[in-house]
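Each chain gets a letter, A, B and so on, in the order the sequences are listed, and its residues count up from 1.
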2 protein chains.
Amino acid sequence: MNAEGRPASPPLTERQEARRRRILHASAQLAGRGGFEAVQMREVAEAAGVALGTLYRYFPSKIHLLVATMQDQLQHLHTTLRKRPPAAEDPAERVAETLMRAFRALQREPQLADAMVRALTFADRSVSPEVDTVSRLTTAIILDAMGAEHPTPEQLSAVRVIEHTWHSALITWLSGRASIAQVKIDIETVCRLIDLTAPEVTATP
Amino acid sequence: MNAEGRPASPPLTERQEARRRRILHASAQLAGRGGFEAVQMREVAEAAGVALGTLYRYFPSKIHLLVATMQDQLQHLHTTLRKRPPAAEDPAERVAETLMRAFRALQREPQLADAMVRALTFADRSVSPEVDTVSRLTTAIILDAMGAEHPTPEQLSAVRVIEHTWHSALITWLSGRASIAQVKIDIETVCRLIDLTAPEVTATP
DNA sequence: ATCAAGTCTGTAACTTGTTCTAGATTAGCG
DNA sequence: CGCTAATCTAGAACAAGTTACAGACTTGAT
């Protein structure tokens, strides 16, 4: 893996790197209006100034493309968060604050969020490596917020559950079945698991 | 809503009810082999002995069809569970046991599970009512297991988070990114929230 | 039993993701 | 530079979800 979290397969030439970037930009742009369905492969190709076949060489399916788009956006988020880490005392609160900040970022581009999250959860086994990368990024963000450098297995379980809740809550919000307030409550609720698994409390007397 | 949890719009004639049943059966059958992609609308129509246009009159999209299929299966599960309720003392354990039982049922037909769960999380706003019905069914199953007849808002939040975890954990399992053991751990972890929100402990001294 | 309204059938057409192909361009190398 | 393999382009073709439509069949009311 290189620094960007992509498999470090054959290194790309400059023009190829530029093409890849144009494609991801076009993808995010189109997703930003119309959401998942507005990201049409022919349109992405045209907007990126690339032939359809080339688009498919870079991203073997629409889902791959959108998951890569999500990777890209998460990277931004992660560096932004590192600059202004959450302030609260309690680890659980810090994680909740971090996720709510991410949530507010998504609210600014709900259509983009729709495209990315739907792709992420719809992905089948052929996209597992890429989805896994997104998952690891998310885990890193949460562990950062917790301030847990050497998490216990128990803490990792809690983080996994928090991620589950995060994704699923996003989906219910995106499909209009849950309000923003409800997502907030769900996040805060699940973050309580962190206190429950803090090593100071349960392991070291 | 009628007893089956579907909107009680125009009552169906006997032949229509039979058609609907044939369609759902064909859907489950095809999903049972090949999963999501094997449920092809033309094939469902043919297997159900129904014209394509008729299939679309009954279920306005493939997603609607698969979500309805899930409703159907959940109904079965619910009645099965009611007959043999979980035995454990602790509400959290009962819920975990119930979900693990459901999980084992899904493991017997992983392809069917794939089709149903992928459809459920991919569904957009146009399927919200149907997805919501599935969600209410799931909630009912969990509350049954908890034995909470008059759940507090806090308990409902916990149940919501458990549902989130349940769906998302299923997805990671289906896409091969988590083992069965890990799903078990995630379920057990999130079920700890139930103890945390039990009214006996936090509200009535 | 008859009629009007609503359903169902069979089939073609349309849309968008995906694959394929033949020829042009580019990259890396001697 | 000149060659070769890889890559890119343009466009056709294919697959599956969805829509449209004309004609046959059911249903329910009279």
Participant: Out of C:dT26, C:dC8, D:dC8, which has the shortest distance to the side chain of A:R57?
Facilitator: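 That would be D:dC8.
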Participant: Need one value for B:Y58: base, sugar-phosphate or nothing, where a base atom within 4.0 Å counts as base even if backbone is also close, heavy atoms only.
Facilitator: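 Touches sugar-phosphate only.
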Participant: Under 6.0 Å from the CD atom of B:E46, do we count more than 12 heavy atoms belonging to anything else shown?
Facilitator: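 Open.
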Participant: Using modelled atom types only, decide if a donor and an acceptor are shared between the side chain of A:R94 and the backbone of A:A145 within a distance under 3.5 Å.
Facilitator: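 Confirmed, A:R94 side chain pairs with A:A145 backbone.
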Participant: In this structure, how many angstroms lie between the C1' atom of C:dT7 and the CD atom of B:E14, rounded?
Facilitator: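 To the nearest whole Å, that distance equals 17 Å.
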Participant: So if I apply the side chain to side chain contact (heavy atoms under 4.5 Å, CB included) rule between B:R82 and each of B:D144, B:I141, B:L77, which one comes out positive?
Facilitator: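 It is B:D144; the other options fail the test.
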Participant: What is the distance, rounded to the nearest whole Å, between atom CD of B:E17 and atom C1' of D:dT27?
Facilitator: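 Computing the B:E17:CD to D:dT27:C1' distance gives 17 Å.
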Participant: Taking the six-membered ring for Trp, are B:F122 and A:F36 closer than 6.0 Å centroid to centroid?
Facilitator: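 Centroid separation for B:F122 and A:F36: below 6.0 Å.
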Participant: Any non-hydrogen side-chain atom of B:L143 less than 4.5 Å from a side-chain atom of B:P151?
Facilitator: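 SC-SC contact between B:L143 and B:P151 confirmed.
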Participant: Just how far, in rounded Å, is P of D:dG17 from CZ of B:F59?
Facilitator: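 Between P of D:dG17 and CZ of B:F59: 16 Å.
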Participant: Summarise how protein sits on nucleotides 16-23 of chain C as a single string, 5' to 3': B when a protein heavy atom is under 4.0 Å from the base, S for sugar-phosphate-only contact, - for no contact.
Facilitator: BBBB----
Participant: Take the protein atom CZ of A:R19 and the nucleotide atom C1' of D:dA6, then report the distance between them rounded to whole Å.
Facilitator: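 After rounding, the gap between these two atoms is 12 Å.
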Participant: Specify the separation, in whole Å, of atom CZ of B:R15 and atom P of D:dG28.
Facilitator: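 Checked: the CZ to P distance equals 11 Å.
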Participant: Just distance, no hydrogens or angles: give the donor-acceptor pairs under 3.5 Å from side chains in residues 49-57 of chain A, sequence neighbours left out.
Facilitator:
none

Participant: Please report the distance, rounded to the nearest Å, between NE2 in B:H64 and C1' in D:dG17.
Facilitator: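 Between C1' of D:dG17 and NE2 of B:H64: 14 Å.
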Participant: B:E43 has an atom CD; how far is it from atom C1' of D:dG17, in whole Å?
Facilitator: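 In whole Å, D:dG17 C1' and B:E43 CD are 13 Å from each other.
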Participant: Starting from P on D:dA6, measure out to CD on A:Q16 and report it in whole angstrom.
Facilitator: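 Those two atoms, CD and P, are 13 Å apart.
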